[in-house]
Protein chains: 2
Amino acid sequence: MVDDEPQILRAMRINLRARDYEVDVAADGGTALRAAAARPPDLVVLDLGLPDMEGAEVIRGLRGWTTVPIIVLSGRADSADKVAALDAGADDYVTKPFGVDELLARIRAVTRRIGATTDATPVVKVGAFTVDLSARTVDPPDGGGEVRLTPTEWHLLEILLRNPGKLVSQRQLLQDVWGPQYQTETNYLRQYMAQLRRKLEADPGHPRHLLTEPGMGYRFQP
Amino acid sequence: MVDDEPQILRAMRINLRARDYEVDVAADGGTALRAAAARPPDLVVLDLGLPDMEGAEVIRGLRGWTTVPIIVLSGRADSADKVAALDAGADDYVTKPFGVDELLARIRAVTRRIGATTDATPVVKVGAFTVDLSARTVDPPDGGGEVRLTPTEWHLLEILLRNPGKLVSQRQLLQDVWGPQYQTETNYLRQYMAQLRRKLEADPGHPRHLLTEPGMGYRFQP
DNA sequence: GCCGATCTTGACACTATCGCTACGAGTTAT
DNA sequence: ATAACTCGTAGCGATAGTGTCAAGATCGGC
């Protein structure tokens, strides 16, 4: 739970603890990101209007490496704020003032979704490489130095790997990685798919696992 | 999209269609449940306060057999209503009046989550081939090399496969695949049906599943 | 305030797919 | 029996889509 007002933090913490949730708190964005990295949470409740960072920045800071559900609290009911937060990766957006029971219900709603879908296979083999989605590591076969991927490369690869064998449309990839206003910028996809293939395919010119379906999208073939 | 006010239905439908969503509408709970069963949607936007059923009843009616994402719209901001709807199985709850862009952002947020986890895989057998419409794959019987189809071929095949055993008229196929101004260009159909048969029929000269109904249209025979 | 890494953006061949025309075979109507 | 029609097949140029290279813009760390 991230909020800059100590009394709200206290109140929510008590409320949540009473329902048997374990609660870690942070008062600003930087602290929150470090705490989340140190002890990955199952859910983030994030108040906007933090002293040190823009709200969308915090969300992107989390989304760069985790798919943890994020519920945003905010005093601003402005539509543009909501859209920005949701498109940055938030799962829900609650406007203050809100009832505690409503927040609890929304927490149940998002965790119900996620809990049912936590498949216990965060490690995938892409050809000879071993990709660990939760640890964010890519290991080559001979145990040598590991392959480094940029945040955008991770984001793109993760979507494909979470849909093994399935075709993922260009629109969906662009929308999930870059946002809804980039749905036609297919050159981004070409650019980053090429980089992924250079790093993960034995023969980048003839990919065997990161496949193109012309005119439709891309597919990860296990 | 379920709403009892025709003008809201119309407005939303236009808005969503402009974003390339396919929209089916229903004006009451019973119609909605039947329509969802007949043609399972990828997302349900449900207005509360329907004439025939309680909102939570509709949600439970859907949740009984599908995990499709449900976004609830409501004029009532009462906390108890929100909790009831969310706990009945709704994924999000938006209070009227709301901005269209906010609803669109919430639609993106829930589909972003679900898109990766939807497991209802409708697989159809065309002779010895196994066609997975959601994964966009065609597998031959011996597990060997896979069959590749172009976007137009997929589009055409999908319409036929979604109407198993039924005759689909040439006009309808042409309109759905190429657009309303191509309703008489039957040569396109001949062209692409021949390609599909070459790829999916054991003896393309004597098709057993992709059948021609002379003068009328085509039919997929399971 | 500088520097390296990462993200954008533009440009250009190359290829597969598409839209379209044409023609023979089979079928139905007259 | 002949004509009119529909269907299957082949072939072609045009074009949209893709892979690739390169360079500018932006961000973050030291």
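This structure is a prediction, so every number in the text was calculated from the model and none was measured.
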Rounded to whole Å, please give me the gap between [atom1] in [X] and [atom2] in [N].
X: Leu210(A); N: dG19(D); atom1: CG; atom2: P; value: 11 Å
X: Leu196(A); N: dT20(D); atom1: CG; atom2: C1'; value: 15 Å
X: Gln195(B); N: dC7(D); atom1: CD; atom2: P; value: 17 Å
X: Leu174(B); N: dG19(C); atom1: CG; atom2: C1'; value: 13 Å
X: Leu156(B); N: dC18(C); atom1: CG; atom2: P; value: 11 Å
X: Trp154(A); N: dT6(C); atom1: CH2; atom2: C1'; value: 16 Å
X: His155(B); N: dG19(C); atom1: NE2; atom2: C1'; value: 17 Å
X: Arg198(A); N: dG19(D); atom1: CZ; atom2: P; value: 12 Å

Donor on one side chain, acceptor on other, Asp132(B) and Ser134(B), under 3.5 Å =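 A pair is found: one side chain offers a donor N or O, the other an acceptor, under 3.5 Å apart.
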Using distance alone, with no hydrogens and no angle criterion, decide if Thr212(B) and Arg197(B) have a side-chain donor and acceptor under 3.5 Å apart.
-> yes
Under 4.0 Å: is that the gap between some side-chain N or O of [X] and OP1 or OP2 of [N]?
X: Trp178(A); N: dT8(C); answer: yes
X: Thr150(A); N: dC7(C); answer: yes
X: Tyr188(A); N: dT8(C); answer: no
X: Arg197(B); N: dC7(D); answer: no
X: Arg148(A); N: dA5(C); answer: no

Closest listed nucleotide, where the reference is the side chain of [X] and the choices are [options]:
X: Thr152(B); options: dC18(C), dT9(C), dC7(D); value: dC18(C)
X: Arg190(B); options: dT9(C), dG11(D), dA22(C); value: dA22(C)
X: Pro151(B); options: dC7(C), dC7(D), dC18(C); value: dC18(C)
X: Gln191(A); options: dC7(C), dT9(C), dT9(D); value: dT9(C)

Most 5' of Leu189(B) and Thr186(A) on DNA chain D, judged by nearest nucleotide =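 Closer to the 5' end of DNA chain D: Leu189(B).
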Using a 4.0 Å heavy-atom cut-off across all strands, classify Glu153(A) as base, sugar-phosphate, or nothing.
->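 Answer is nothing: Glu153(A) stays at 4.0 Å or more from every strand.
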Looking for any heavy atom pair under 4.0 Å, which part of the strands does Glu57(A) touch: base, sugar-phosphate only, or nothing?
-> nothing
Measure across Arg113(B) and Asp91(A) and return the closest heavy-atom pair with its distance rounded to 0.1 Å.
->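 Closest approach of Arg113(B) to Asp91(A), heavy atoms only: NE-OD1, 2.7 Å.
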Could you please spell out the steps behind the side chain to side chain contact (heavy atoms under 4.5 Å, CB included) verdict for Leu173(B) and Tyr218(B)?
-> CA-CA 9 Å; Leu173(B) 289 171; Tyr218(B) 291 87; 4.0 Å; yes
Would you please indicate if the ring centroids of Trp178(B) and Tyr192(B) are separated by under 6.0 Å?
-> yes
Arg34(A): what forms a side chain to side chain donor-acceptor pair (under 3.5 Å) with it, not counting sequence neighbours?
-> none
Step-by-step side chain to side chain contact (heavy atoms under 4.5 Å, CB included) determination, Met12(A) to Leu103(A) | CA-CA 10 Å; Met12(A) 289 307 307; Leu103(A) 178 62; 3.3 Å; yes
Could you go through the side chain to side chain contact (heavy atoms under 4.5 Å, CB included) check for Asp42(B) and Val68(B) one step at a time?
-> CA-CA 6 Å; Asp42(B) 300 313; Val68(B) 62; 5.7 Å; no
Taking DNA chain D as the partner, which of residues 212-222 of chain B come within under 4.0 angstrom of it by heavy atom?
-> Thr212(B), Pro214(B), Gly215(B), Tyr218(B)
